Amino acid sequence: MRWDNLTEDSEHSRADSALFGVDAVTTVQFDTPEFRGITFHEIRARSIINRVPAVSRMSFQWTVNPYRGCSHACVYCFARKTHSYLDLDTGLGFDSQIVVKINAPELLRRQLGSRRWQGEHIAMGTNVDCYQRAEGRYRLVPGIISALRDHANPFSILTKGTLILRDLDLIKQAAEVTDVGISVSVGFTDQELWRTVEPGTPAPERRLEVVRTFGEHGIGCGVLMAPVIPFLSDQPAQLRATVRAIADSGATSVTPLVLHLRPGAREWFMTWLEQHHPHLVARYQRLYAEGSYAPKWYQRRITRQVHELAEEYGIGPTRAGMPRRIRPPEPAEEPPVSGPTQLSLI
């Protein structure tokens, strides 16, 4: 296993300076049902705010990722490739060898306080889920949100994890002082497909309960309808059922994203496909013959169908994780008083 080449920007690229040294790594296992078979590599990172390369298609420039590897075990996860930088397996190793940046909250607070930091938007959950199973034990995210709140730094979170509800009060506090965007990923509502393709995640209906709960507390929550999986979740009736469920949850937006298969994820997904849906292998080879992304015509067709359904079901603009700031309650009207009153200038 190589630790010396995990660099400051290596969530997205590789560079020369090491993010942490081999002497800073502690490997542990926990003999409890929820962590059985999972190995945690605890490290003290040297940097936690990562710049997204200019060539990326992402709409944000900075990310914070307290974990590498993910127990959600989504067979299509594009981040699988990052495990190869450590000589770790991008298949089962990605699901069960989790790197934990145990000093992430204190490090972030220090970096946010630096004169060099300009207070730009920070995205979380863009590489692996910060509310994966490990977060229940390590509790890194509350400290991260607290640091962002205390510096009034705008941020967004994308998650499949219901554990985010634990931090609802902290997120509400942050939303009072800065722009906060919350998005939940729900690509489909098919139970059988969910159990095989996203085996470590909460069920889709539980994720939509997260959307509903945030809405009830005054924070609009968008849904990233991702991934739409060709030939498995893209039929008109399936898209309609998913968009209907998203609308029923009170989501402020729905943004479809067709499955993309980058190196690392592509091999693992195709192995899964051959085991579970061998009749689709040739169709996938043709559909993704040009690279990691489905053809533009297919992406446009899915986007158009989802947008039309969203309009039909009354979901707002399709912008994922739109910032929502909680407005303070309006002061109650005072009853009229007799006699002269002092007018106030507002």
Side-chain angles (χ1 to χ4, degrees), residues 11 34 42 45 47-50 60 62-68 70-72 98 100-114 117 119-186 201-202 206-224 249-253 320-329:
E11 254 73 10
E34 67 270 29
E42 300 176 353
S47 181
I48 195 64
I49 301 178
N50 309 295
F60 43 82
W62 302 95
T63 66
V64 164
N65 293 295
Y67 302 100
R68 294 175 67 94
C70 186
S71 58
H72 283 346
I98 311 299
V100 184
K101 303 171 187 176
I102 58 174
N103 63 332
E106 61 196 75
L107 186 56
L108 176 63
R109 188 173 291 274
R110 186 163 71 244
Q111 290 187 250
L112 291 176
S114 168
W117 180 246
E120 297 178 70
H121 178 97
I122 289 176
M124 291 184 284
T126 60
N127 192 51
V128 299
D129 203 322
C130 58
Y131 284 107
Q132 61 175 287
R133 204 177 308 165
E135 174 60 17
R137 181 176 186 91
Y138 286 97
R139 299 183 63 87
L140 299 178
V141 181
I144 289 172
I145 295 175
S146 296
L148 292 163
R149 175 201 63 194
D150 295 346
H151 286 84
N153 200 104
F155 66 93
S156 59
I157 300 174
L158 171 64
T159 185
K160 290 186 177 80
T162 55
L163 187 58
I164 191 175
L165 293 176
R166 178 201 64 190
D167 297 337
L168 178 57
D169 287 341
L170 269 176
I171 293 171
K172 289 172 64 177
Q173 293 169 20
E176 292 173 355
V177 298
T178 191
D179 287 330
V180 175
I182 304 296
S183 291
V184 173
S185 177
V186 182
T201 65
R206 291 185 59 205
R207 289 178 243 165
L208 292 175
E209 278 298 322
V210 170
V211 177
R212 184 174 291 107
T213 300
F214 268 91
E216 290 170 350
H217 284 81
I219 298 181
C221 189
V223 169
L224 183 64
S249 74
T252 58
S253 65
M322 291 186 295
R324 286 286 182 257
R325 185 175 296 183
I326 299 176
R327 295 180 178 178

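Note that this is a predicted model, so its numbers are computed, not measured. Counting from 1, the numbers follow the sequence of the chain as shown.
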query: Can you check whether I171 reaches I145 side chain to side chain, under 4.5 Å on heavy atoms?
result: yes

- prompt: Sub-3.5 Å donor-acceptor pair from the side chain of D129 to the main-chain atoms of T159, do we have one?
  reply: no

Sub-4.5 Å side-chain heavy-atom contact between I144 and V64: yes

- request: Given side chain to side chain contact (heavy atoms under 4.5 Å, CB included), test I122 with L112 step by step and report yes or no.
  value: CA-CA 11 Å; I122 289 176; L112 291 176; 4.0 Å; yes

task: Can you measure from CZ (R137) to CD1 (I98) and round to the nearest 0.5 angstrom?
output: 14.5 Å

message: For the backbone of N65 and the side chain of K101, can you confirm whether one donor and one acceptor N or O come within less than 3.5 Å of each other?
response: yes

query: Can you check side chain to side chain contact (heavy atoms under 4.5 Å, CB included) on C130 and I157, steps first, answer last?
result: CA-CA 8 Å; C130 58; I157 300 174; 4.2 Å; yes

query: Got a sec, which residues hit side-chain contact (heavy atoms from CB on, under 4.5 Å) with L163, two or more places apart in sequence or on another chain?
result: Y131, E135, R166

query: Does H72 offer a backbone N or O that forms a donor-acceptor pair with the side chain of Q132 under 3.5 Å?
result: no

query: Can you name the closest pair of heavy atoms from C221 and V184 and give their distance?
result: SG-CG2, 3.8 Å

task: With the side chain counted from C-beta on, respond yes when R133 and C70 share a heavy-atom pair under 4.5 Å apart, and no when they do not.
output: no

message: So which atom in P66 and which in L140 form the shortest heavy-atom distance, rounded to 0.1 Å?
response: CB-CD1, 3.8 Å

message: Can you confirm whether H121 sits close enough to N153 that some side-chain heavy atom of one is under 4.5 Å from a side-chain heavy atom of the other?
response: no

- prompt: From H217 NE2 over to L165 CG, what is the distance, rounded to the nearest 0.5 angstrom?
  reply: 9.0 Å

Over all atoms of both residues, closest heavy-atom pair of I102 and P105: O-CD, 4.1 Å

- line: d(I48 CD1, W62 CH2) to nearest 0.5 Å is 13.0 Å

Kindly list each side-chain donor-acceptor pair under 3.5 angstrom involving residues 207-216, sequence neighbours excluded, with atom names and distances?
{"unit_1": "R207", "atom_1": "NE", "unit_2": "P202", "atom_2": "O", "d": "2.9"}
{"unit_1": "R207", "atom_1": "NH1", "unit_2": "S185", "atom_2": "O", "d": "2.8"}
{"unit_1": "R207", "atom_1": "NH2", "unit_2": "E198", "atom_2": "OE1", "d": "2.8"}
{"unit_1": "R207", "atom_1": "NH2", "unit_2": "T201", "atom_2": "OG1", "d": "3.2"}
{"unit_1": "R207", "atom_1": "NH2", "unit_2": "P202", "atom_2": "O", "d": "3.1"}
{"unit_1": "E209", "atom_1": "OE2", "unit_2": "R212", "atom_2": "NH1", "d": "2.5"}
{"unit_1": "R212", "atom_1": "NH2", "unit_2": "D248", "atom_2": "O", "d": "3.2"}
{"unit_1": "T213", "atom_1": "OG1", "unit_2": "E209", "atom_2": "O", "d": "2.8"}

Minimum side-chain heavy-atom gap T178-R149 below 4.5 Å: no

Verdict with supporting geometry, R68 and V128, side chain to side chain contact (heavy atoms under 4.5 Å, CB included): CA-CA 7 Å; R68 294 175 67 94; V128 299; 5.6 Å; no

task: Starting from the C-alpha separation in whole Å, work towards a yes-or-no answer on side chain to side chain contact (heavy atoms under 4.5 Å, CB included) for E120 and F60.
output: CA-CA 9 Å; E120 297 178 70; F60 43 82; over 6 Å; no

- request: Report the residues that fulfil salt bridge (charged side-chain N to carboxylate O under 4.0 Å, His left out) with E34, sequence neighbours left out, ordered by chain and then residue number.
  value: none

query: Does the side chain of S253 reach to within under 4.5 Å of the side chain of V223, using non-hydrogen atoms?
result: no

task: Check whether any side-chain heavy atom of M124 lies under 4.5 Å from a side-chain heavy atom of T63, and answer yes or no.
output: no

query: Looking only at heavy atoms, what is the nearest atom pair of V177 and A152, with distance?
result: O-CB, 3.8 Å

- prompt: Given side chains that start at C-beta, do those of I219 and V180 come closer than 4.5 Å, heavy atoms only?
  reply: no

